[in-house]
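Encoded as C-alpha coordinates, the structure appears first; notes follow it.
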2 protein chains.
Amino acid sequence: MLTPGLPLYQAKAEFFRTLGHPARIRILELLSERDHAVHELLSEIEIEPSNLSQQLGVLRRAGLVLQHREAGEVRYAIALPEVRALLLSARELLSGLIDEQAELRAQLRS
Amino acid sequence: MLTPGLPLYQAKAEFFRTLGHPARIRILELLSERDHAVHELLSEIEIEPSNLSQQLGVLRRAGLVLQHREAGEVRYAIALPEVRALLLSARELLSGLIDEQAELRAQLRS
DNA sequence: CCATAACTTGAAGACTTCTTCATGTCTATA
DNA sequence: TATAGACATGAAGAAGTCTTCAAGTTATGG
(Lines give C-alpha, C1' and ligand atoms only; values in the text may rest on other atoms or scores of the structure.)
Protein backbone atom coordinates (compact mmCIF):
# COMPACT_ATOMS: atom_id res chain seq x y z
CA MET A 1 0.00 0.00 0.00
CA LEU A 2 3.06 2.29 0.48
CA THR A 3 1.72 4.22 3.46
CA PRO A 4 3.01 7.80 3.22
CA GLY A 5 5.11 9.22 6.08
CA LEU A 6 6.72 5.87 6.74
CA PRO A 7 10.53 5.70 7.03
CA LEU A 8 11.96 4.62 3.71
CA TYR A 9 13.58 1.46 5.00
CA GLN A 10 10.23 0.38 6.38
CA ALA A 11 8.51 1.04 3.05
CA LYS A 12 11.21 -1.01 1.38
CA ALA A 13 10.73 -3.91 3.77
CA GLU A 14 6.98 -3.78 3.18
CA PHE A 15 7.58 -3.78 -0.53
CA PHE A 16 9.91 -6.78 -0.43
CA ARG A 17 7.41 -8.68 1.68
CA THR A 18 4.89 -8.07 -1.08
CA LEU A 19 7.26 -9.89 -3.43
CA GLY A 20 7.86 -12.67 -0.92
CA HIS A 21 5.42 -15.24 -2.24
CA PRO A 22 5.96 -17.77 -5.02
CA ALA A 23 2.62 -17.12 -6.72
CA ARG A 24 3.13 -13.38 -6.63
CA ILE A 25 6.57 -13.75 -8.18
CA ARG A 26 5.16 -15.89 -10.97
CA ILE A 27 2.35 -13.43 -11.58
CA LEU A 28 4.79 -10.56 -11.90
CA GLU A 29 7.05 -12.55 -14.19
CA LEU A 30 4.16 -13.51 -16.45
CA LEU A 31 2.83 -9.97 -16.47
CA SER A 32 6.23 -8.50 -17.22
CA GLU A 33 6.14 -10.44 -20.50
CA ARG A 34 2.64 -9.26 -21.42
CA ASP A 35 -0.82 -8.56 -20.02
CA HIS A 36 -2.82 -11.59 -18.93
CA ALA A 37 -6.46 -12.30 -18.14
CA VAL A 38 -7.05 -13.99 -14.80
CA HIS A 39 -8.00 -17.27 -16.44
CA GLU A 40 -4.74 -17.20 -18.41
CA LEU A 41 -2.73 -16.75 -15.22
CA LEU A 42 -4.74 -19.54 -13.71
CA SER A 43 -3.70 -21.97 -16.42
CA GLU A 44 -0.01 -21.10 -15.95
CA ILE A 45 0.15 -21.11 -12.17
CA GLU A 46 -0.86 -24.09 -10.07
CA ILE A 47 -3.15 -22.45 -7.58
CA GLU A 48 -6.85 -22.29 -6.68
CA PRO A 49 -8.84 -19.50 -8.30
CA SER A 50 -9.68 -17.82 -5.03
CA ASN A 51 -6.09 -17.97 -3.93
CA LEU A 52 -4.99 -16.37 -7.19
CA SER A 53 -7.52 -13.61 -6.62
CA GLN A 54 -6.15 -13.05 -3.14
CA GLN A 55 -2.61 -12.75 -4.44
CA LEU A 56 -3.71 -10.43 -7.23
CA GLY A 57 -5.41 -8.36 -4.57
CA VAL A 58 -2.17 -8.06 -2.63
CA LEU A 59 -0.31 -6.90 -5.75
CA ARG A 60 -3.11 -4.51 -6.66
CA ARG A 61 -3.19 -2.92 -3.21
CA ALA A 62 0.59 -2.58 -3.36
CA GLY A 63 0.19 -0.66 -6.62
CA LEU A 64 2.31 -3.14 -8.58
CA VAL A 65 -0.35 -4.27 -11.03
CA LEU A 66 -3.35 -2.71 -12.75
CA GLN A 67 -6.69 -4.35 -13.40
CA HIS A 68 -9.19 -3.68 -16.13
CA ARG A 69 -12.20 -5.40 -17.60
CA GLU A 70 -12.29 -6.21 -21.31
CA ALA A 71 -14.60 -8.43 -23.34
CA GLY A 72 -15.98 -10.30 -20.36
CA GLU A 73 -12.62 -11.02 -18.77
CA VAL A 74 -10.47 -9.24 -16.23
CA ARG A 75 -7.00 -8.40 -17.44
CA TYR A 76 -3.99 -7.53 -15.36
CA ALA A 77 -0.89 -5.55 -16.29
CA ILE A 78 2.35 -4.47 -14.63
CA ALA A 79 1.91 -0.96 -13.24
CA LEU A 80 5.54 0.07 -13.50
CA PRO A 81 8.30 -0.82 -15.96
CA GLU A 82 10.79 -0.85 -13.06
CA VAL A 83 9.38 -4.18 -11.92
CA ARG A 84 11.12 -5.93 -14.77
CA ALA A 85 14.48 -4.42 -13.85
CA LEU A 86 14.08 -5.42 -10.26
CA LEU A 87 13.24 -9.00 -11.10
CA LEU A 88 16.33 -9.11 -13.28
CA SER A 89 18.46 -7.69 -10.49
CA ALA A 90 17.09 -10.38 -8.20
CA ARG A 91 17.86 -13.08 -10.73
CA GLU A 92 21.48 -11.95 -10.91
CA LEU A 93 21.84 -11.80 -7.19
CA LEU A 94 20.32 -15.26 -6.91
CA SER A 95 22.80 -16.75 -9.35
CA GLY A 96 25.56 -14.98 -7.42
CA LEU A 97 24.30 -16.67 -4.28
CA ILE A 98 24.18 -20.04 -5.96
CA ASP A 99 27.78 -19.68 -7.17
CA GLU A 100 28.87 -18.61 -3.71
CA GLN A 101 27.22 -21.62 -2.15
CA ALA A 102 28.79 -23.94 -4.71
CA GLU A 103 32.19 -22.53 -3.73
CA LEU A 104 31.49 -23.05 -0.06
CA ARG A 105 30.51 -26.64 -0.72
CA ALA A 106 33.67 -27.15 -2.80
CA GLN A 107 35.78 -25.77 0.04
CA LEU A 108 34.09 -28.11 2.50
CA ARG A 109 34.92 -31.09 0.31
CA SER A 110 38.61 -30.21 -0.07
CA MET B 1 19.38 -20.66 2.78
CA LEU B 2 18.67 -21.14 -0.95
CA THR B 3 17.68 -24.79 -0.80
CA PRO B 4 18.93 -26.51 -4.00
CA GLY B 5 16.40 -28.22 -6.26
CA LEU B 6 13.77 -25.66 -5.44
CA PRO B 7 11.88 -24.05 -8.35
CA LEU B 8 13.49 -20.73 -9.14
CA TYR B 9 10.38 -18.66 -8.44
CA GLN B 10 10.20 -20.20 -5.01
CA ALA B 11 13.84 -19.42 -4.30
CA LYS B 12 13.14 -15.86 -5.38
CA ALA B 13 10.18 -15.56 -3.08
CA GLU B 14 12.25 -16.90 -0.20
CA PHE B 15 14.96 -14.43 -1.01
CA PHE B 16 12.59 -11.46 -1.06
CA ARG B 17 11.12 -12.54 2.24
CA THR B 18 14.63 -12.40 3.65
CA LEU B 19 14.71 -8.74 2.66
CA GLY B 20 11.25 -8.11 4.06
CA HIS B 21 12.18 -6.70 7.41
CA PRO B 22 13.08 -3.10 8.28
CA ALA B 23 16.08 -4.00 10.40
CA ARG B 24 17.45 -6.34 7.77
CA ILE B 25 17.13 -3.63 5.13
CA ARG B 26 19.00 -1.16 7.30
CA ILE B 27 21.71 -3.69 8.02
CA LEU B 28 22.24 -4.34 4.32
CA GLU B 29 22.26 -0.64 3.53
CA LEU B 30 24.84 0.07 6.23
CA LEU B 31 26.96 -2.88 5.17
CA SER B 32 26.81 -1.93 1.53
CA GLU B 33 28.62 1.31 2.50
CA ARG B 34 31.30 -0.48 4.50
CA ASP B 35 31.91 -3.32 6.94
CA HIS B 36 30.53 -2.85 10.45
CA ALA B 37 31.06 -4.44 13.82
CA VAL B 38 27.90 -5.55 15.57
CA HIS B 39 28.14 -2.79 18.17
CA GLU B 40 28.42 -0.24 15.37
CA LEU B 41 25.25 -1.55 13.76
CA LEU B 42 23.65 -1.47 17.16
CA SER B 43 24.33 2.22 17.57
CA GLU B 44 22.81 3.00 14.15
CA ILE B 45 19.72 0.83 14.33
CA GLU B 46 17.16 1.10 17.10
CA ILE B 47 16.83 -2.49 18.13
CA GLU B 48 17.73 -4.78 21.05
CA PRO B 49 21.07 -6.59 20.82
CA SER B 50 19.50 -10.02 20.75
CA ASN B 51 17.07 -8.95 18.07
CA LEU B 52 19.93 -7.60 15.97
CA SER B 53 21.72 -10.91 16.36
CA GLN B 54 18.63 -12.76 15.23
CA GLN B 55 18.34 -10.61 12.13
CA LEU B 56 22.05 -10.99 11.39
CA GLY B 57 21.53 -14.71 11.71
CA VAL B 58 18.77 -14.61 9.11
CA LEU B 59 21.01 -12.72 6.68
CA ARG B 60 23.93 -15.00 7.40
CA ARG B 61 21.92 -18.16 6.81
CA ALA B 62 20.62 -16.65 3.57
CA GLY B 63 24.24 -16.16 2.49
CA LEU B 64 23.86 -12.40 2.12
CA VAL B 65 26.41 -11.36 4.73
CA LEU B 66 29.69 -12.70 6.05
CA GLN B 67 30.86 -12.69 9.63
CA HIS B 68 34.36 -12.64 11.05
CA ARG B 69 35.99 -11.94 14.36
CA GLU B 70 38.64 -9.24 14.62
CA ALA B 71 40.20 -7.55 17.64
CA GLY B 72 37.57 -8.65 20.08
CA GLU B 73 34.62 -7.63 17.94
CA VAL B 74 32.50 -9.40 15.38
CA ARG B 75 32.43 -7.71 12.00
CA TYR B 76 29.92 -8.20 9.23
CA ALA B 77 30.28 -7.59 5.50
CA ILE B 78 28.11 -7.88 2.42
CA ALA B 79 28.70 -11.26 0.77
CA LEU B 80 27.87 -10.18 -2.78
CA PRO B 81 28.30 -6.90 -4.63
CA GLU B 82 24.95 -7.52 -6.36
CA VAL B 83 23.15 -6.59 -3.15
CA ARG B 84 23.94 -2.96 -3.72
CA ALA B 85 22.47 -3.04 -7.24
CA LEU B 86 19.33 -4.70 -6.00
CA LEU B 87 18.79 -2.15 -3.25
CA LEU B 88 19.21 0.58 -5.86
CA SER B 89 16.70 -1.11 -8.17
CA ALA B 90 14.28 -1.28 -5.27
CA ARG B 91 14.79 2.37 -4.50
CA GLU B 92 13.91 3.31 -8.06
CA LEU B 93 10.85 1.15 -8.11
CA LEU B 94 9.75 2.63 -4.81
CA SER B 95 10.02 6.16 -6.11
CA GLY B 96 8.10 5.06 -9.20
CA LEU B 97 5.37 3.75 -6.93
CA ILE B 98 5.27 6.97 -4.95
CA ASP B 99 4.91 9.02 -8.14
CA GLU B 100 2.18 6.71 -9.35
CA GLN B 101 0.28 7.07 -6.13
CA ALA B 102 0.66 10.82 -6.20
CA GLU B 103 -0.89 10.80 -9.68
CA LEU B 104 -3.75 8.64 -8.52
CA ARG B 105 -4.42 11.02 -5.65
CA ALA B 106 -4.30 13.98 -8.01
CA GLN B 107 -6.81 12.31 -10.32
CA LEU B 108 -9.13 11.66 -7.39
CA ARG B 109 -9.04 15.31 -6.41
CA SER B 110 -9.87 16.63 -9.88
C1' DC C 1 41.82 -17.03 37.07
C1' DC C 2 37.85 -14.00 37.35
C1' DA C 3 35.16 -10.35 35.53
C1' DT C 4 33.50 -8.05 31.82
C1' DA C 5 32.34 -6.78 27.10
C1' DA C 6 30.60 -8.35 22.88
C1' DC C 7 27.75 -11.40 20.82
C1' DT C 8 24.77 -15.67 19.96
C1' DT C 9 21.24 -19.00 20.87
C1' DG C 10 16.77 -21.41 21.98
C1' DA C 11 12.35 -20.99 23.41
C1' DA C 12 7.77 -18.92 24.00
C1' DG C 13 3.92 -15.89 23.36
C1' DA C 14 2.17 -12.26 20.35
C1' DC C 15 1.28 -11.18 15.91
C1' DT C 16 0.97 -11.89 10.62
C1' DT C 17 0.29 -14.18 6.67
C1' DC C 18 -1.64 -18.30 3.95
C1' DT C 19 -4.94 -21.21 2.10
C1' DT C 20 -9.41 -22.56 1.58
C1' DC C 21 -14.39 -22.34 1.85
C1' DA C 22 -18.72 -20.29 1.24
C1' DT C 23 -20.79 -16.61 -0.66
C1' DG C 24 -21.25 -12.45 -3.46
C1' DT C 25 -20.79 -9.38 -7.67
C1' DC C 26 -20.69 -8.32 -12.45
C1' DT C 27 -21.50 -9.03 -17.30
C1' DA C 28 -22.83 -11.28 -21.41
C1' DT C 29 -26.05 -14.01 -23.54
C1' DA C 30 -29.92 -17.07 -24.31
C1' DT D 1 -34.74 -11.46 -16.88
C1' DA D 2 -32.94 -15.87 -15.54
C1' DT D 3 -28.49 -18.38 -16.15
C1' DA D 4 -23.80 -19.16 -16.43
C1' DG D 5 -19.05 -17.83 -16.54
C1' DA D 6 -15.39 -15.12 -14.62
C1' DC D 7 -13.64 -13.06 -10.59
C1' DA D 8 -13.61 -11.00 -5.83
C1' DT D 9 -14.33 -10.97 -0.93
C1' DG D 10 -14.65 -12.10 4.15
C1' DA D 11 -13.73 -15.18 7.54
C1' DA D 12 -11.31 -18.80 10.00
C1' DG D 13 -7.97 -22.28 11.17
C1' DA D 14 -3.19 -23.56 10.10
C1' DA D 15 1.35 -22.13 9.54
C1' DG D 16 4.97 -18.99 9.73
C1' DT D 17 7.50 -14.80 11.59
C1' DC D 18 8.79 -11.32 15.38
C1' DT D 19 10.36 -9.76 19.66
C1' DT D 20 12.04 -10.55 23.95
C1' DC D 21 13.88 -13.15 27.81
C1' DA D 22 17.10 -15.97 30.06
C1' DA D 23 21.09 -18.36 29.51
C1' DG D 24 25.29 -19.50 26.96
C1' DT D 25 29.94 -18.48 24.24
C1' DT D 26 34.22 -16.31 23.36
C1' DA D 27 37.91 -13.36 23.92
C1' DT D 28 40.34 -9.57 26.60
C1' DG D 29 41.94 -6.93 30.51
C1' DG D 30 42.86 -6.78 35.44
Side-chain angles (χ1 to χ4, degrees), chain A residues 1-3 6-7 9-28 30-31 35-77, chain B residues 1-3 6-7 9-28 30-31 35-77:
Chain A
M1 189 51 109
L2 244 198
T3 329
L6 209 62
Y9 57 86
Q10 203 159 337
K12 271 188 199 167
E14 210 170 280
F15 164 72
F16 283 125
R17 257 186 289 126
T18 303
L19 300 185
H21 189 287
R24 295 198 293 265
I25 291 288
R26 296 221 61 200
I27 294 169
L28 290 176
L30 289 167
L31 295 186
D35 292 14
H36 284 74
V38 174
H39 66 265
E40 291 174 322
L41 293 173
L42 207 45
S43 68
E44 301 261 7
I45 306 177
E46 290 212 340
I47 193 180
E48 303 236 325
S50 65
N51 196 350
L52 178 58
S53 256
Q54 296 280 1
Q55 307 309 334
L56 285 169
V58 171
L59 294 174
R60 223 183 320 116
R61 267 169 262 127
L64 292 175
V65 302
L66 297 171
Q67 183 193 41
H68 73 277
R69 198 173 273 276
E70 187 182 324
E73 52 185 30
V74 177
R75 308 210 115 243
Y76 278 86
Chain B
M1 188 52 108
L2 243 198
T3 329
L6 207 65
Y9 57 86
Q10 202 160 338
K12 270 190 201 166
E14 209 171 281
F15 165 70
F16 282 126
R17 257 187 290 122
T18 302
L19 300 184
H21 189 288
R24 296 199 291 265
I25 292 289
R26 295 221 60 201
I27 293 168
L28 290 176
L30 289 167
L31 294 186
D35 293 14
H36 283 73
V38 175
H39 65 266
E40 291 174 321
L41 293 172
L42 206 47
S43 69
E44 300 262 5
I45 306 175
E46 290 212 339
I47 194 180
E48 302 236 326
S50 65
N51 197 351
L52 177 58
S53 256
Q54 296 281 359
Q55 306 311 334
L56 286 170
V58 172
L59 294 174
R60 222 182 322 117
R61 265 169 262 128
L64 292 176
V65 302
L66 297 171
Q67 184 192 40
H68 73 279
R69 200 173 270 274
E70 188 182 322
E73 52 187 32
V74 177
R75 309 209 115 243
Y76 278 87

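Letters go in sequence order (proteins before strands), and every chain restarts at 1.
Each of B:Y76 and A:R69 was matched to the nucleotide of DNA chain C holding its nearest heavy atom; the match closer to the 5' end belongs to B:Y76. For the pair B:R24 and B:E70, nearest-nucleotide mapping onto DNA chain D gives the more 5' position to B:R24. Heavy-atom nearest nucleotides on DNA chain D were determined for A:R17 and for A:A37, and the one closer to the 5' end corresponds to A:A37. Nearer the 5' end of DNA chain C, as judged by each residue's closest nucleotide, is the contact made by A:V58, out of A:V58 and A:A71.
A:R60 places its CZ atom 12 Å from the P atom of D:dC7, with the value rounded to the nearest Å. Counting to the nearest Å, the P atom of D:dC7 and the NE2 atom of A:H36 are 13 Å from each other. Look at CZ on B:F16: it is 18 Å from C1' on C:dT17, rounded to the nearest Å. Taking atom CD of B:E73 as the reference point, atom P of C:dT8 lies 12 Å away to the nearest angstrom. Distance B:L41 CG to C:dC7 P: 9 Å, rounded to the nearest Å.
Separation of atoms NE2 (A:H36) and CG (A:L42) is listed at 12.0 Å; rounding is to 0.5 Å. Note that NZ of A:K12 and CZ of B:R26 are 10.5 Å apart. Values are rounded to the nearest 0.5 Å.
Side-chain nitrogen and oxygen atoms of B:H21 include none within less than 4.0 Å of the OP1 or OP2 phosphate oxygen of D:dT17. For D:dC7, the OP1/OP2 oxygens have a side-chain nitrogen or oxygen of A:H39 closer than 4.0 Å. Contact annotation: B:R61 side-chain N/O to C:dT9 OP1/OP2 distance is not under 4.0 Å.
B:E40 comes within contact range of no nucleotide atom at all, as no heavy-atom separation falls under 4.0 Å. Nucleic acid contact for A:R75: none, since no nucleic acid atom lies under 4.0 Å from a heavy atom of the residue.
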How far apart are the C-alpha atoms of A:L31 and A:L64, what are their side-chain angles, what is the distance that settles it, and do they pass the side chain to side chain contact (heavy atoms under 4.5 Å, CB included) test? CA-CA 10 Å; A:L31 295 186; A:L64 292 175; over 6 Å; no
How far apart are the C-alpha atoms of A:I27 and A:Y76, what are their side-chain angles, what is the distance that settles it, and do they pass the side chain to side chain contact (heavy atoms under 4.5 Å, CB included) test? CA-CA 9 Å; A:I27 294 169; A:Y76 278 86; over 6 Å; no
Run B:I45 and B:L30 through side chain to side chain contact (heavy atoms under 4.5 Å, CB included) and show every step you take. CA-CA 10 Å; B:I45 306 175; B:L30 289 167; 3.9 Å; yes
Is there a side chain to side chain contact (heavy atoms under 4.5 Å, CB included) between A:V74 and A:L56 once you walk through the steps? CA-CA 11 Å; A:V74 177; A:L56 285 169; over 6 Å; no
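Heavy-atom minimum distance, B:Q10 versus A:P22: CG-CG, 4.1 Å. Taking each heavy atom of B:A23 and B:Q55 in turn, the nearest pair found is CB-CG, 4.2 Å.
Taken residue by residue, residues 45-57 of chain B places heavy atoms nearer than 4.0 Å to DNA chain D at B:E48, B:S50, B:N51, B:Q54, B:Q55.
Using modelled atom types, one side-chain atom of B:R24 and one backbone atom of B:T18 make a donor-acceptor pair closer than 3.5 Å.
Rotation axes derived from the C1' atoms of the five outermost pairs at either end of the helix from C:dC1-D:dG30 to C:dA30-D:dT1 lie 10° apart, to the nearest 10°.
You'll find that the side chain of A:Q67 is closest to D:dA8, out of D:dT19, C:dC7, D:dA8.
Taking B:E44 as the reference, nothing meets the side-chain hydrogen bond (donor to acceptor under 3.5 Å, both in side chains) condition, with sequence neighbours excluded.
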